[in-house]
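Here's the structure we're looking at; comments come further down.
Nothing here was measured: the structure is a model prediction, and the numbers come from that model.
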Amino acid sequence: MSDTADARARLRRRIDGYDWNAVGAALDAQGWANLPALLSARQCAALADGYDEDERYRSRIAMQRHGFGRGEYRYFRYPLPTMVQTLREGLYPHLAPVAARWSAALAEAGEYPDTLDAFLARCHAAGQARPTPLLLRYVEGDYNCLHQDVYGERVFPLQAAILLSQPGPAEEGGDFEGGEFVLTEQRPRMQSRAQVVPLRQGDAVVFAVRHRPQRGARGFYRVNLRHGVSALRAGRRHTLGVIFHDAQ
């Protein structure tokens, strides 16, 4: 087995080793779930260090220019880097049953095949063929406004973000301070609730793209979610975003 094939196999085993029943229960209950230590420090560094390798990416977005916040991110081009492709392919089949369950609960028109390739074929048939996995970089003062990553009519209702940097002050071995991952939840006729998701380097958070079902007295209703990143007080922060639907 080649080194690349061996690395892919080890990462797939890492993904498959989580308690996906518990992950699904957390997603149902709160719209997000942690996958601790999904990537090693070495894997995180390999992704972050490739931020300036232009040939990897199809576009660069300066957030301030578009009113998205401050900082920047880059969308990968096809073919995706091996690690990004493996994460996308490996996470999808564990999340597709949750996506199907949510779609049924909310009576939405959405079908989620067993494999990522089959789902992407439907995206591409609908005119959504641009890859959406992205790498984000923040420095002191940067932040990301609350938002949803939709990109077109075909939407997979879950996505993942993986923290590639170590939080904490530099004197304690950290890469940045501040920069917390934040989710807000809005239920009908209720005030919004904010949640800060605790992450360390290599941890992933899986969360709802737009909404999740919540059981009420008269059946299920939609709980809307948005996500963002609070302002960095110091240092530099990199994050990998794994979105499963492609863009128009």
* Go through Arg8 and Thr86 one step at a time and tell me if the side-chain hydrogen bond (donor to acceptor under 3.5 Å, both in side chains) criterion holds. => CA-CA 6 Å; Arg8 284 176 59 92; Thr86 303; 3.0 Å; yes
Looking at [Y] and [X], is any side-chain nitrogen of the basic one under 4.0 Å from a carboxylate oxygen of the acidic one?
X: Arg237; Y: Asp142; answer: no
X: Arg233; Y: Glu140; answer: no
X: Arg122; Y: Glu111; answer: yes
X: Arg210; Y: Glu108; answer: no

Examine [X] and [Y] and state if one hydrophobic cluster contains both, with Ile, Leu, Val, Met, Phe, Trp and Tyr joined whenever side-chain heavy atoms are less than 4.5 Å apart.
X: Tyr151; Y: Leu158; answer: no
X: Leu136; Y: Phe181; answer: yes
X: Leu163; Y: Met83; answer: no

Distance (rounded to the nearest 0.5 Å) between [X] [atom1] and [Y] [atom2]:
X: Arg77; Y: Arg74; atom1: CZ; atom2: CZ; result: 9.5 Å
X: Ser192; Y: Leu183; atom1: OG; atom2: CG; result: 12.0 Å
X: Gln43; Y: Leu11; atom1: CD; atom2: CG; result: 6.0 Å
X: Asp203; Y: Leu35; atom1: CG; atom2: CG; result: 8.5 Å
X: His66; Y: Ile61; atom1: NE2; atom2: CD1; result: 4.5 Å
X: Tyr73; Y: Tyr51; atom1: OH; atom2: OH; result: 10.0 Å

Distance alone, cut at 3.5 Å: any donor-acceptor contact between the side chains of [X] and [Y]?
X: Asp117; Y: Tyr92; answer: no
X: Asn224; Y: Glu185; answer: no
X: Gln166; Y: Arg200; answer: yes

* Asked: Can you tell if the side chain of Glu153 reaches within under 4.5 Å of the side chain of Gln128, non-hydrogen atoms only?
  -> yes
* Asked: Phe156 and Phe119: aromatic ring centres closer than 6.0 Å?
  -> yes
* Ring center gap for Phe207 and His227 short of 6.0 angstrom -> yes
* Asked: Does the cation-pi check pass for Arg236 over Phe176, that is, NZ or CZ under 6.0 Å from the six-membered ring centre and within 45° of its axis?
  -> no
* Sole candidate of Tyr112, Trp20, Tyr18 that passes ring pair (Phe, Tyr, Trp, His ring centres under 6.0 Å) when paired with His94 -> Trp20
* Asked: Taking it one step at a time, do Tyr57 and Asp52 satisfy side-chain hydrogen bond (donor to acceptor under 3.5 Å, both in side chains)?
  -> CA-CA 9 Å; Tyr57 307 99; Asp52 292 316; over 6 Å; no
* Let me know which of Arg215, Arg101, Gln214 forms a side-chain hydrogen bond (donor to acceptor under 3.5 Å, both in side chains) with Asp28. => Arg101
